[in-house]
There are 2 protein chains.
Amino acid sequence: MKNLNKFNTIPEPTLRRLSYYVVYLQKLLDAGIETVSSTQIANNLMFDPTQVRKDLQLTEISGHPKIGFNIKTTLESIKSSLNWNNIENAFLVGVGNLGNAVLNFSLLKYMGVNIVAAFDNNPEKIGNIVNNVEILDIERLPELSKLMKVNIGIIAVPEHAAQETADKFVAGGIKAIWNLLPCRLKVPDEIIIEEANLMQSLAVLTNQLAK
Amino acid sequence: MKNLNKFNTIPEPTLRRLSYYVVYLQKLLDAGIETVSSTQIANNLMFDPTQVRKDLQLTEISGHPKIGFNIKTTLESIKSSLNWNNIENAFLVGVGNLGNAVLNFSLLKYMGVNIVAAFDNNPEKIGNIVNNVEILDIERLPELSKLMKVNIGIIAVPEHAAQETADKFVAGGIKAIWNLLPCRLKVPDEIIIEEANLMQSLAVLTNQLAK
DNA sequence: TAGATTGTTAATCGATTAACAATC
DNA sequence: TAGATTGTTAATCGATTAACAATC
């Protein structure tokens, strides 16, 4: 009777792998395939088969001995664990190269993330539309936070403005911040912070290169 | 007599934190400050002080009881562990939004990563110069790999071309690949792969939002 | 049935945290 | 000296891997 709860905590490394499973399973499903074994998934994505089974169990799906996992239900189960079946609205601040990359990131929709507005302080950018998202004056962020139900704030501004942007998001009632810059943000405990920055990742690479 | 070796393995989570320490310590150094305690570092970056000391010890620096760590030597020690004191040449393939974001990522130089050429297959982009880096025809990658000593290959192409780009890098003798796309690459064991993609990170965020 | 595959439990490995000794 | 800080060791926590039982 342990962990039968839907809101079961899934370890971060598992969540990251699950996102790859989704991409792969969707490909198989589109090809009309109905079942897949943990070994097939593991071989294709270069993970360990036991690990794949452990990961899938955490999403509360079960397979069938000798047959494998039903792709359709497994996909549903993973997407539900990742919360990709619910649509979450997002604001993006900073429409430079990074911001544009996010606005054009085609998997966003598939992950249930819907950018409802982008903000910038550059008058030349304001009013433009990128991938169906209108770029608004950053001044309007507080006002619009009140009007729209937005849970995710994406920070893609120049680094010196990151904390300030986070503060605006918090004041606007956002629940989670996706910080794409190589700095740490100070926010209240209840705010979810997820960091995705190039520096961290590249540091791992440069270190390995020294060996 | 354990781990006195310079090429001591540093855990990945530590490497990621070390990159933040570098940014913070550099800021203090620029402000003319000479020493800092593990607690100060921890408070500023929201890490645990014990963890900071453990991390610093892995870079083989020591502090002084009651005084703290000398900022200059600590910085040198961390940068040396991250291999940021050596310049590593890199090729970047794919000059879309993501590629442009990397080309304009100002910390790159500070991390010792020197992009010597960027490649694209779009004739309109070829010949352009972005942040002092010339964009070359992707056809020239094999030839130039032979001529230049390049250890890092950065993949920022559309996803369907990622594996193909990786193959070209491997054929060209690259040692490490920095893959910015949400897909897994098949490469020989000796090639270092570091993944930095938006999907993985966002998956962690969307999952937490469901709680 | 035999064999392939899942599912479970235990062992291992690795990172974080806690407690406290050493140092200046 | 007393007290602040580092440094070390042990305990804890968490994730991965291995072994093998259960199942169809």
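First the proteins, then the strands, lettered A, B, ... as listed; each starts at 1.
Put simply, the side chain of B:Gln200 never gets that close to the backbone of B:Asn197: no donor and acceptor are under 3.5 Å apart. A donor-acceptor pair is defined here as one N or O able to donate and one able to accept, closer than 3.5 Å; no such pair exists between the side chain of A:Asn207 and the backbone of A:Ala203.
Contact check on B:Glu12 versus B:Arg16 returns a salt bridge, with a Lys/Arg side-chain nitrogen under 4.0 Å from an Asp/Glu carboxylate oxygen.
Position along DNA chain D of the nearest nucleotide to B:Lys54 versus A:Lys66 favours B:Lys54 as the more 5'-ward residue. Comparing A:Ile67 and A:Asp55 by the nucleotide of DNA chain D whose heavy atom lies nearest to each, the residue mapping closer to the 5' end is A:Asp55. Annotation: of the two residues near DNA chain C, A:Thr39 and B:Thr14, the 5′-most nearest-nucleotide partner is A:Thr39.
In this structure, A:Thr50 reaches the bases: a heavy-atom distance under 4.0 Å links it to at least one base atom across the strands shown.
Atom CD of B:Glu34 has 12 or fewer neighbouring heavy atoms from other residues, nucleotides or ligands inside a 6.0 Å radius.
Across the protein-nucleic acid pair, B:Phe47 atom CZ and C:dT16 atom C1' stand 13 Å apart, rounded to whole Å. One atom, CD1 of A:Ile10, and another, C1' of D:dA15, lie 14 Å apart when rounded to the nearest Å. Straight-line distance from the CD atom of B:Glu12 to the P atom of D:dG14: 20 Å, rounded to whole Å. Between the CD atom of A:Gln51 and the C1' atom of C:dT12 there is a distance of 14 Å, given to the nearest Å. C:dA4 atom P lies 14 Å from atom CD of A:Gln40, rounded to whole Å. Rounded to an integer number of Å, the gap from CG of B:Asn70 to P of D:dT6 is 13 Å. Atom C1' of nucleotide C:dT16 and atom CG of B:Asp48 are separated by 8 Å, given to the nearest angstrom. Protein atom CG of B:Leu18 is 11 Å distant from nucleotide atom P of C:dT16, rounded to whole Å.
Residue A:Ser38 has a polar side-chain atom (N or O) positioned under 4.0 Å from OP1 or OP2 of C:dT6. At the phosphate of D:dT16, OP1 or OP2 sits under 4.0 Å from a side-chain N or O atom of A:Arg17. Remark: A:Gln57 is in phosphate contact with C:dT8, judged by side-chain N or O atoms under 4.0 Å from OP1 or OP2. Proximity of B:Arg53 to the phosphate of D:dG7: no side-chain N or O atom is located under 4.0 Å from OP1 or OP2.
Helical stems in DNA chain D, defined as runs of 3 or more consecutive Watson-Crick or G-U wobble pairs with donor-acceptor distances under 3.5 Å: C:3-24 with D:3-24.
Between the side chains of A:Asn86 and A:Asn83, at least one donor N or O lies within less than 3.5 Å of an accepting N or O.
Counting only heavy atoms from C-beta on, A:Pro65 has its side chain closest to D:dC24 among D:dA4, D:dC24, C:dT16. Distance from the side chain of A:Ser37 is smallest for C:dT5 among the nucleotides D:dT16, C:dT5, C:dT16.
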Report task. Take B:Glu159 and A:Lys27 through the test salt bridge (Lys or Arg N to Asp or Glu O under 4.0 Å) and record every step on the way to the result. Result -> CA-CA 14 Å; B:Glu159 195 182 320; A:Lys27 215 176 287 171; 5.3 Å; no

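When each of A:Asp55, A:Asp48, A:Val52 is paired with A:Ser38, the side chain to side chain contact (heavy atoms under 4.5 Å, CB included) condition holds for A:Val52 and for no other.
Remark: B:Arg140 is not positioned above the aromatic ring of B:Phe119, lacking an NZ or CZ atom under 6.0 angstrom from the ring centre and at most 45 degrees off the axis.
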